[in-house]
Amino acid sequence: MAGMSISEMEEMARKCRVEICKMTHRAQAGHPGGSLSEIDILCGLYGHRLRVKPEDPDWEDRDRFILSKGHASPGMYAVLAEMGFISHEDLKSYRVKGGVCQGHVDMKWCPGVDFSAGSLGMGLSFGMGCAVAAKLDGSSRNAYVMVGDGEIQEGSVWEAAMAATHHELGNLKLFVDCNGIQNDDFCEAQMRMFDIPAKWNAFGWAVKVIDGHDMTSIVEAIDWMDSIQDQPAVVIAKTIKGKGVSFMENNPAFHGAAPSDEQLAQALSELGVEA
Amino acid sequence: MSRMAATRDGYGDALLALAGNPKVVVLEADLGKSTKSLHFRKAHPERTVSCGIGEQNMLLVAAGMASNGYIPFASTFAIFTERAFEQMRNGVARPNLAVHLCGSHGGTHTGTDGSSAQSIEDLAIYRTLPNVVVMHPCDDVSTKALTMQLPDLGKPSYMRTARNKTPVLYDGKENDIQIGKGVVLRDGTDVAIIACGVLVHESLEAAEKLSAEGIDATVVDMHTIKPLDTDLIDSLAEKCGAIVTAEDHSVIGGLGGAVAEHVVGSTPVPIEKIGVHDRFGESAGAEEMLEMMGLKSHHICDAVKKVIARKV
């Protein structure tokens with residue numbers, strides 16, 4: 001499906017936002033805020049670039065996508081349903097016993113998921129392993145990873161950042177979803193991270209900062225990432241937590257809280273769903 | 001005098017012997033010279049991934065490679081693997097990725113580096129993880145034999161090796177070694193001494209001493225702590241009616257804990273546990289540490305007499 005137009009991907013993101021709100025409402029649990037902040041990037045990546053085969057999810061030479069911020073699983077499940085890895089009916093299994101849509105994305109449960117997430121700071125290292133393996137195979141496949149900005153407070157992220165540069169992993173591509181909010185509060189209150197692009201630059205990564213909700217910028221950034229071949233590349237995406245639903249936007253309360261019935265109705269209305 | 005060797009050398013030899021399989025890769029965290037993965041690195045630098053001094057990253061790079069069809073062997077000191085315990089738990093064991101982790105320099109036998117290096121809890125913590133096979137062989141031959149079987153295991157493993165040399169028991173007998181199967185090294189009917197690692201040799205010595213006193217002991221090398229060879233343990237409990245476990249590890253949760261947990265639910269017999277009794281070590285020679293911690297053959301003899309006295 002890669003090769004979608006900008007407007008097609010924007011529409012896909014809108015539909016995914018609807019599903020994110022419905023999933024978390026249905027489960028009365030989960031993480032809508034970070035799913036809404038990441039969703040434009042996910043749609044851009046899957047729609048524009050990711051070399052995967054929904055009909056053959058275990059295809060060995062596929063690009064890998066590792067959602068390290070695995071709590072933002074509703075976003076990824078919505079995209080996997082749009083892509084055809086799972087059905088829209090499967091989305092109803094989010095956080096339900098026996099469901100493919102486990103609370104955090106899990107490679108043992110859901111087709112199209114390449115990494116069992118749930119503990120922050122692990123995905124970049126796992127992605128590095130995928131990138132090393134691709135190089136050993138002589139394959140041109142890439143490993144794409146997404147982390148949250150709060151997540152980079154985990155020290156092991158920087159073990160991976162240093163090692164990826166040492167091994168000149170031009171096939172390792174990272175998105176940092178900088179929505180500025182973590183579990184307890186704004187990142188500024190919990191742990192100030194100061195100049196995030198400078199940190200990645202200092203670790204030897206190619207760095208680009210974009211608006212993570214502008215699809216044209218996202219597509220350009222993915223093309224830029226793929227042009228970098230001799231070092232790992234990171235896109236620092238400025239995003240808004242809860243983007244697209246007014247009362248969730250930039251609101252720490254919706255990091256890990258589900259919308260009520262009334263809130264769902266308002267959210268769907270704002271997202272263009274007719275009552 | 002039998003040949004002396006360190007189990008870590010058996011690990012290094014095995015990696016080199018496995019190199020013919022192009023899917024075998026080695027990951028290091030700046031201790032390849034110590035864990036003995038350096039032989040593989042010298043021969044196959046293209047298949048060796050240096051992770052610097054970063055164990056957490058190493059475990060997950062290995063997991064990522066395993067998910068791409070490779071067979072990763074990652075090693076560092078046993079104590080430093082523990083720093084990456086949650087990576088082993090969530091990134092390796094949970095998705096059941098066949099990463100093979102080796103922790104060298106395990107136990108108080110590690111000696112003069114002192115308590116910070118003497119892992120006495122590794123077997124216990126890894127044993128709690130679903131999917132993970134846990135091993136602690138007693139000599140270089142059995143270490144090599146077990147390691148050679150890992151590419152076909154299809155699930156993750158943890159193996160503890162030791163820094164210092166101990167007598168070799170399996171020269172010419174590598175075919176006796178099979179993951180998950182204890183080896184009866186000496187047959188007796190009064191007591192079963194079930195040991196692993198450096199205490200297997202001490203147990204054999206103890207059995208010789210006891211024999212002179214008319215006590216006839218079975219000695220088992222229980223190199224695989226998980227899955228535990230429960231059929232063998234049940235038959236020994238039945239036959240001997242008393243068990244002594246022996247390990248250079250805490251008495252909490254390791255081989256002794258595993259045996260006791262099983263026996264209490266199948267064939268309850270008295271058990272005495274030789275191991276480290278809820279304390280840290282200190283800097284001393286390997287033999288001095290065994291003496292200090294109560295892990296020598298004479299300690300095992302005392303435990304045997306005690307457990308036999310408890311037989312009903």
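Numbered from 1 within each chain, the chains take letters A, B, ... in sequence-line order.
In this structure, chain B has a heavy atom under 4.5 Å from the side chain of A/D106, while its backbone stays farther away. For B/L97, the part sitting under 4.5 Å from any heavy atom of chain A is the side chain, from C-beta outward, and nothing else. Heavy atoms of A/A131 lying under 4.5 Å from chain B are absent altogether. The contact between A/M107 and chain B is made entirely by side chain atoms (from C-beta outward), counting heavy-atom distances below 4.5 Å. Only the backbone of B/E55 comes within contact range of chain A, judged by heavy atoms closer than 4.5 Å.
Other residues, nucleotides and ligands contribute over 12 non-hydrogen atoms within 6.0 Å of the CD atom of A/E55.
Side-chain contact annotation: A/S156 with B/N57, donor-acceptor N/O pair under 3.5 Å absent. Defined by atom type and a distance below 3.5 Å, a donor-acceptor pair is missing between the side-chain atoms of A/S93 and A/D90.
Top candidate by heavy-atom pairs under 4.5 Å with chain A, chosen from B/S67, B/G91, B/G52, is B/S67. Put simply, of A/D137, A/I66, A/V132, the one with the most heavy-atom pairs under 4.5 Å next to chain B is A/D137. Interface remark: of the candidates A/M122, A/M128, A/K135, A/M122 forms the most heavy-atom pairs closer than 4.5 Å to chain B. When each of A/A163, A/A117, A/A133, A/G155 is scored by its heavy-atom pairs under 4.5 Å with chain B, the top score falls to A/A133. Among A/H167, A/H166, A/M162, the residue with the largest count of heavy-atom pairs under 4.5 Å with chain B is A/H167.
Taking the six-membered ring wherever Trp is involved, the centroid distance between the rings of B/H223 and B/H136 does not fall below 6.0 Å.
A/D114 is linked by a salt bridge (Lys or Arg N to Asp or Glu O under 4.0 Å) to A/R62, counting only residues two or more places apart in sequence or in another chain. By the salt bridge (Lys or Arg N to Asp or Glu O under 4.0 Å) test, B/D30 is found to be paired with no residue, residues two or more places apart in sequence or in another chain being considered.
B/R160 places a side-chain N or O within 3.5 Å of a backbone atom of B/S119 that can act as its donor or acceptor partner.
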